[in-house]
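Because the structure is predicted, anything quoted here is derived from the model rather than measured.
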Amino acid sequence: MIIIKKNKFLIVYSSIIILFSLFILWDTFLNTKVYQVVSNTKTINEIDKDNNSSKSKKNSLNKKRNKDKTSNINTDSNTTEKSTTNNSYKDKNIEIKLTEYFENDTKIYVADIILNNSKYLKTAFANYSYGKNVTDYTSSISESVNAILSINGDYYGVQEKGYVLKQGVIYRNTPSDREDLVIYSDGSFSIINEKDISLEKLLENGAYNILSFGPALIDNNKICVSETDEVGKSMASNPRTSIGIIDKNHYVFVVSDGRTTESEGLSLYELATFMKSLNCTIAYNLDGGGSSTMYFNGNIINNPTTTGSIKERKVSDIVYIGY
């Protein structure tokens, strides 16, 4: 009798543990929670770069962020003549050139970007919503904001901690122990550790977008990963996504294929070395694997690999070039 009761207790206890574990997995990876609906067109149309301008002028410019998507008609894009090909785009404000490489048995796609104003370098949420597990395809998010060029972002939505600053708006200020890429309103980059500085201070210093994934690949012209560094439990060779800066308003978006017979994938060190060869002074690793996607002029440029198939994986956010 005692043995039977003990077995029943073990069965009930095991069932509770299994159900609780399943709930945690569902809540972490599947349960969608929208915390705030936002407009991905919240941008500063004129970023004040004159240090002598008044604070009141800056405040009036910041108010322009709150325009609704349907009413935010950007005269820049409407009046600009442009020329496009399968691998290039050029107008008076934006110049993009795509180049394919094959290194380390891997296909690598590079978008070289020159802007006349950093305001055209932006971020966007999936479904115009900040939240947990709110996702959509990179291509779909890109189409929703009329992106010319885009890559997947930092996939903030599966993290409980980590700074979330998008288009000058704070959404989460709970620090993690990650290295972040800070994109300032003047278009410059820096690498920070969230433990070392508050998000409010970063915003005060001019931070406009923060990407919180990592690690940093290059900082101050120096490679800052080793051959043994890796993201979590990731394999050594993977599809990768990264962003780098070469000079003022001169950037690169880089995506590599991987996990296929045609393209092995890159290690972090291989990626960092490649970014260095492009003359990046700062480069940063974004979410990779099945998330790695590059979109240009209405087309997916690379071959995203998800669960063994060539297809996109849904993500929380993108980094893009557009109006």
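- Not a single donor-acceptor pair under 3.5 Å links the side chain of Glu143 to the backbone N or O of Ser140.
- Contact check for Asn133 versus Val158: side-chain heavy atoms found under the 4.5 Å cut-off.
- You'll find the side chain of Leu149 reaches within 4.5 Å of the side chain of Ile113, heavy atoms only.
- For an aromatic pair to be called close, the ring centres must be under 6.0 Å apart, and Phe189 with Tyr184 fails this.
- One side chain, Ser292 or Thr241, offers a donor N or O that lies under 3.5 Å from an acceptor on the other.
- A donor atom on one side chain and an acceptor atom on the other are not found under 3.5 Å apart for Glu264 and Asn104.
- The closest donor-acceptor contact from the side chain of Ser256 to the backbone of Arg240 lies under 3.5 Å.
- The two residues Lys33 and Val134 have their closest heavy-atom pair at O-CG2, 3.8 Å.
- Arg172 approaches Tyr156 most closely through the heavy-atom pair NH2-O, 3.5 Å.
- Side-chain rings of Phe213 and Tyr155 stay apart, their centers remaining 6.0 Å or farther from each other.
- Atom CG of Asn86 is separated from atom CG of Asn297 by 8.5 Å, given to the nearest 0.5 angstrom.
- With rounding to the nearest 0.5 Å, the separation of CG in Asp247 from CG in Asn249 is 9.0 Å.
- Looking at Ile243 and Val319, their side chains come closer than 4.5 Å, going by heavy atoms from C-beta outward.
- Counting heavy atoms of neighbouring residues, nucleotides and ligands inside a 6.0 Å radius, atom CG of Asn221 exceeds 12 of them.
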- [ ] Kindly determine whether Asn116 and Asn93 satisfy side-chain hydrogen bond (donor to acceptor under 3.5 Å, both in side chains), including the steps that lead there.
- [x] CA-CA 5 Å; Asn116 75 1; Asn93 302 310; 2.8 Å; yes

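- Atom NZ of Lys119 sits about 14.5 Å away from atom CG of Asp186, to the nearest 0.5 Å.
- Checked against a 6.0 Å centroid threshold, the rings of Tyr171 and Tyr163 do not count as neighbours.
- Across Ile151 and Leu286, no two heavy atoms sit closer than the pair CD1-CD1, 3.9 Å.
- The distance between the ring centers of Phe253 and Tyr320 does not fall below 6.0 angstrom.
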Open item on the list: If you apply the rule salt bridge (Lys or Arg N to Asp or Glu O under 4.0 Å), what do you find for Glu160 with Lys132, and how did you get there?
Closed with: CA-CA 8 Å; Glu160 295 291 342; Lys132 182 178 180 180; 3.0 Å; yes

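- Looking only at atom types and distance, the side chain of Asp154 has no donor-acceptor partner in the side chain of Ser212 under 3.5 Å away.
- Using a 4.5 Å heavy-atom cutoff, the side chains of Ile318 and Ser142 are in contact.
- Side chains of Leu121 and Tyr251 form a contact here, defined as non-hydrogen atoms less than 4.5 Å apart.
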Open item on the list: Let's go through Asp257 and Tyr109 carefully: what are the C-alpha distance in whole Å and the side-chain angles of both, what is the deciding distance for side-chain hydrogen bond (donor to acceptor under 3.5 Å, both in side chains) to 0.1 Å, and is it a yes or a no?
Closed with: CA-CA 8 Å; Asp257 288 340; Tyr109 308 82; 2.7 Å; yes

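- In this structure the side chain of Lys166 never reaches within 4.5 angstrom of the side chain of Lys122, judged on heavy atoms.
- Between Leu202 and Glu204 the shortest side-chain heavy-atom distance does not fall below 4.5 Å.
- With respect to the salt-bridge test (charged N to carboxylate O, under 4.0 angstrom), the residues Glu194 and Lys161 do not qualify.
- Across every non-hydrogen atom of Ile141 and Ala124, the tightest pair is CG2-CB, 4.1 Å.
- When atom types are taken as modelled, the side chain of Thr106 and the backbone of Gly265 share a donor-acceptor pair closer than 3.5 angstrom.
- Atom CG of Asp196 sits in a crowded spot, with more than 12 heavy atoms from other residues, nucleotides or ligands closer than 6.0 Å.
- Taking hydrophobic clusters as Ile, Leu, Val, Met, Phe, Trp and Tyr residues chained together by side-chain heavy-atom distances below 4.5 Å, Ile223 shares a cluster with Val110.
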Task: CA sep, side-chain torsions, deciding dist, call: Ser150, Thr138, side-chain contact (heavy atoms from CB on, under 4.5 Å) - done: CA-CA 8 Å; Ser150 67; Thr138 294; 3.8 Å; yes

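- A side-chain donor from one of Asn209 and Thr123 sits under 3.5 Å from a side-chain acceptor of the other.
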Open item on the list: Using the rule given for side-chain contact (heavy atoms from CB on, under 4.5 Å), can you reason through Leu217 versus Leu268, listing the C-alpha separation, both sets of side-chain angles and the distance that settles it, and then say yes or no?
Closed with: CA-CA 7 Å; Leu217 301 170; Leu268 283 177; 4.1 Å; yes

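- Atom CD1 of Ile114 is separated from atom CD1 of Ile321 by 11.5 Å, given to the nearest 0.5 angstrom.
- Remark: the backbone N or O of Ser139 is paired with a side-chain donor or acceptor of Glu312 at under 3.5 angstrom.
- Hydrophobic clustering of Ile, Leu, Val, Met, Phe, Trp and Tyr side chains at less than 4.5 Å, counting indirect connections, unites Tyr101 with Tyr269.
- In the model, Asn127 has no side-chain atom that pairs as donor or acceptor with a side-chain atom of Ser129 under 3.5 Å.
- Separation of atoms CD1 (Ile310) and CG (Asn302) is listed at 9.0 Å; rounding is to 0.5 Å.
- By the 6.0 Å and 45° rule, Lys107 does not stack over the aromatic ring of Phe102.
- Lys97 places none of its side-chain heavy atoms less than 4.5 Å from the side chain of Tyr89.
- When atom types are taken as modelled, the side chain of Ser176 and the backbone of Arg178 share a donor-acceptor pair closer than 3.5 angstrom.
- Hydrophobic clustering (ILVMFWY, side-chain heavy atoms < 4.5 Å, transitive): Ile148 and Ile300 are in distinct clusters.
- Clustering ILVMFWY residues whenever any of their side-chain heavy atoms sit less than 4.5 angstrom apart, transitively, puts Met294 in the very cluster that holds Leu115.
- Asp287 and Asn152 get closest at one heavy-atom pair: O-ND2, 2.7 Å.
- The two residues Val254 and Met275 come nearest to each other via the heavy atoms CG2-SD, 3.5 Å.
- Rounding to the nearest 0.5 angstrom, the gap separating the CG atom in Leu278 from the CD1 atom in Ile245 is 13.5 Å.
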TODO: Please test Val252 against Ile246 for side-chain contact (heavy atoms from CB on, under 4.5 Å), starting from the C-alpha separation and ending with a verdict.
DONE: CA-CA 8 Å; Val252 286; Ile246 296 173; 3.7 Å; yes

Open item on the list: Using side-chain hydrogen bond (donor to acceptor under 3.5 Å, both in side chains), reason through Arg313 and Ser291 one step at a time and then give a plain yes or no.
Closed with: CA-CA 5 Å; Arg313 179 167 74 189; Ser291 298; 2.8 Å; yes

- [ ] Start with the C-alpha gap between Asn117 and Tyr120, add the side-chain angles, then the distance that decides, and say whether side-chain contact (heavy atoms from CB on, under 4.5 Å) holds.
- [x] CA-CA 6 Å; Asn117 193 309; Tyr120 305 118; 3.8 Å; yes

TODO: Evaluate side-chain hydrogen bond (donor to acceptor under 3.5 Å, both in side chains) for Arg259 paired with Asn238, printing each intermediate quantity in order.
DONE: CA-CA 6 Å; Arg259 301 176 183 171; Asn238 278 288; 2.6 Å; yes

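- With no hydrogens or angles considered, a side-chain donor-acceptor pair links Asp91 and Tyr323 at under 3.5 Å.
- Following chains of ILVMFWY side-chain contacts shorter than 4.5 Å, one can reach Ile96 starting from Ile301, so the two form part of one hydrophobic cluster.
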